[in-house]
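Here's the structure, in structure tokens; my notes come after.
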Amino acid sequence: MIFSNKLITWYLENKRFLPWRETKNPYAIWLSEIILQQTRVAQGLPYFEAFLNTYPTVTDLANAPEDDVMRLWQGLGYYSRARNLHATAKKVAYELNGNFPTNYKDLLTLKGVGEYTAAAIASIAYDEVVPVVDGNVFRVLSRVYGITSDISANSTKKEFQELAATLIPAEAPATFNQAIMDFGATQCTPKSPDCSVCPYINDCVAYATNQVSTLPIKLAKVKVKKRYLDFLIILDANGNTIIEQRTEKDIWQQLYQFPLIDSFKHNAEDINDYVKEKFDSLYIKEVLTLTNEAITHQLSHQKLHIKFWGVRVDNIPTDSTAWAELNKFGFPIVIHNFIKSLDLKTLIY
DNA sequence: AACCCGGGGGG
DNA sequence: CCCCCAGGGTT
């Protein structure tokens with residue numbers, strides 16, 4: 001199977017008619033590519049028309065007040081795109097004599113132009129043979145070739161760039177790049193593509209192996225929060241301490257712990273004051289740092305930074321627990337390990 | 001490598 | 001309500 005032949009045949013019959021395809025003007029092509037970053041064609045189209053009508057040349061855009069540019073961008077989101085757009089227009093107009101860089105490498109130096117956009121402009125405006133890799137390309141190639149790499153991993157982009165580089169025909173890079181994106185946008189859609197009319201129905205690995213709905217693989221990026229836990233090991237001279245049960249709807253529910261200062265940002269700079277406030281019945285003799293470096297403990301959704309503090313007291317509530325009895329309670333493993341590691345003699349004297 | 005940046009539409 | 005959109009910049 002010659003991938004590009006089928007693709008371009010499909011494209012010639014099914015391509016969308018888009019205004020930036022009617023020109024080789026690098027200004028118009030650059031403008032369209034910036035507008036279309038993470039933006040659907042239907043949403044970007046009116047903005048493209050408005051910008052080109054208001055600023056027919058890159059010099060017009062460069063000469064515009066920034067407020068005007070931002071107002072014209074209003075509603076499109078990702079406003080750094082508009083600021084970079086204006087900055088790049090000024091650079092092209094004032095430093096490059098109004099001429100855009102004419103190759104991939106030099107286009108990359110422009111603000112707001114990354115690997116995808118540089119490849120798009122270089123191929124579409126200047127026929128450089130460099131493949132684009134955008135969300136559509138990830139989807140199309142992962143399905144046709146059955147690639148199961150996680151596309152949310154940065155390293156995966158290189159894998160797709162290398163594959164696409166073997167597929168892009170030297171005589172038609174502009175057509176190929178636009179074709180594969182159109183194909184992804186209208187035929188090989190994210191959900192429920194109509195594979196019955198797909199030219200790759202007899203070639204597609206995902207179709208043959210029933211993976212169309214699961215490719216490309218984009219691992220759910222679990223949001224891992226940082227959390228800072230400071231446990232207070234309160235001890236009297238007889239080796240009695242205080243523990244409490246975790247009852248909140250939270251990690252470690254029903255397990256036991258030492259009294260806790262819990263925060264999502266690092267504090268614990270003044271354990272003394274906190275302890276006096278919370279346990280004012282206790283006479284504090286001394287607060288000791290038991291962990292110089294915080295102990296990190298990785299959970300699925302949280303990264304815990306844990307410190308243990310020793311608090312030596314004279315009197316302790318009668319519901320305290322003897323240190324030797326702690327093994328009768330269930331603790332989170334990170335606390336259990338710390339209890340095991342602690343030499344009590346260093347605290348009681 | 002992780003995080004932030006946005007408004008919008010499809011399913 | 002979740003996912004994704006012709007990604008890039010910053011830390």
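What's counted below: heavy atoms across the whole structure, side chains too, no hydrogens, waters or symmetry copies. By convention in this document, chain letters (A, B, ...) are assigned in the order of the sequence lines, proteins followed by strands, and residues within each chain are numbered from 1. Just so you know, these numbers come straight off a predicted model, no measurement behind them.
With DNA chain C read from its 5' end, the first of the two nearest nucleotides for A:Leu108 and A:Asp134 is the one closest to A:Asp134. With the nearest nucleotide of DNA chain B identified for both A:Tyr79 and A:Ala153, A:Ala153 has the one nearer the 5' end.
The gap from the P atom of C:dT11 to that of B:dG6 amounts to 15 Å, rounded to the nearest Å. B:dG7 and C:dT10 have their C1' atoms separated by 22 Å, with the value rounded to a whole Å. The separation of B:dG8 from C:dG9, taken at their C1' atoms, amounts to 23 Å, rounded to a whole angstrom. Across the P atoms, C:dA6 and B:dC4 are found 24 Å apart, a figure rounded to whole Å.
If you check residues 15-28 of chain A against DNA chain C, the residues with a heavy atom closer than 4.0 Å are A:Leu18, A:Trp20, A:Arg21, listed by number.
Of the candidate nucleotides C:dG7, C:dC4, C:dA6, C:dA6 has the atom lying nearest to any side-chain atom of A:Gln178. Across C:dG9, C:dA6, B:dG6, the shortest atom-to-atom separation from the side chain of A:Asn84 is found for C:dG9. The side chain of A:Asn136 sits closest to C:dA6 out of B:dG6, C:dC4, C:dA6. In the set C:dG8, C:dA6, C:dC4, the nucleotide with an atom closest to the side chain of A:Thr117 is C:dG8.
As judged by a 4.0 angstrom heavy-atom cut-off over every strand, A:Val132 is placed among residues making no nucleic acid contact.
Base pairing of C:dC5: its partner is B:dG7, meeting the Watson-Crick or G-U wobble criterion (both donor-acceptor distances under 3.5 Å).
Note: CD (A:Glu33) to P (C:dC5) measures 15 Å, nearest angstrom. Rounded to a whole Å, the OH atom of A:Tyr116 is 8 Å from the P atom of C:dG8. Note: CG (A:Leu219) to P (B:dA1) measures 14 Å, nearest angstrom. Atom OH in A:Tyr78 sits about 13 Å away from atom P in C:dC4, given to the nearest Å. Per the geometry, CZ belonging to A:Arg81 stands 9 Å off C1' belonging to C:dG7, to the nearest Å. The nearest whole Å value for the distance from the NZ atom in A:Lys157 to the C1' atom in C:dG7 is 8 Å. Atom CG in A:Leu72 sits roughly 17 Å away from atom P in B:dG7 (whole-Å rounding). Taking atom CD on A:Gln37 and atom P on B:dG6, their separation rounds to 13 Å, with Å as the unit.
In this structure, A:Trp20 and A:Ala28 approach most closely via the heavy-atom pair CB-O, 4.5 Å. Minimum heavy-atom separation, A:Asp60 to A:Tyr55: O-CD2, 3.6 Å.
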Open item on the list: Let's go through A:Glu33 and A:Thr117 carefully: what are the C-alpha distance in whole Å and the side-chain angles of both, what is the deciding distance for side chain to side chain donor-acceptor pair (under 3.5 Å) to 0.1 Å, and is it a yes or a no?
Closed with: CA-CA 6 Å; A:Glu33 292 301 341; A:Thr117 305; 5.4 Å; no
Open item on the list: Working note: A:Phe51 + A:Trp73, criterion ring-ring contact (aromatic ring centres under 6.0 Å, His included); need CA distance, chi angles, decisive distance, verdict.
Closed with: CA-CA 9 Å; A:Phe51 268 88; A:Trp73 196 273; 5.7 Å; yes
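The closest donor-acceptor contact from the side chain of A:Arg139 to the backbone of A:Pro216 lies at 3.5 Å or more, if one exists at all. With hydrogens and angles disregarded, no donor-acceptor distance shorter than 3.5 Å links the side chain of A:Lys24 to the backbone of A:Tyr126.
Residues A:Tyr79 and A:Tyr47 are members of one and the same hydrophobic cluster, defined by side-chain heavy-atom contacts under 4.5 angstrom among Ile, Leu, Val, Met, Phe, Trp and Tyr.
Contact annotation: A:Gln38 side-chain N/O to C:dG7 OP1/OP2 distance is under 4.0 Å. The shortest distance between the side-chain N/O atoms of A:Arg139 and the OP1/OP2 oxygens of C:dC4 is not below 4.0 Å. At the phosphate of B:dG6, neither OP1 nor OP2 sits under 4.0 Å from any side-chain N or O atom of A:Thr39.
Judged by atom type and distance alone, A:Gln43 reaches the base of B:dG7 through a side-chain donor-acceptor pair under 3.5 Å.
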Just the atom pairs and distances: protein N or O near nucleotides 9-11 of chain B's N or O, under 3.5 Å.
none

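A side-chain donor from one of A:Gln211 and A:Thr209 sits under 3.5 Å from a side-chain acceptor of the other. Side-chain contact annotation: A:Asn240 with A:Asn238, donor-acceptor N/O pair under 3.5 Å absent. A:Gln161 and A:Glu115 form a side-chain donor-acceptor contact under 3.5 Å, judged by distance and modelled atom types alone. A:Gln178 and A:Arg21 form a side-chain donor-acceptor contact under 3.5 Å, judged by distance and modelled atom types alone.
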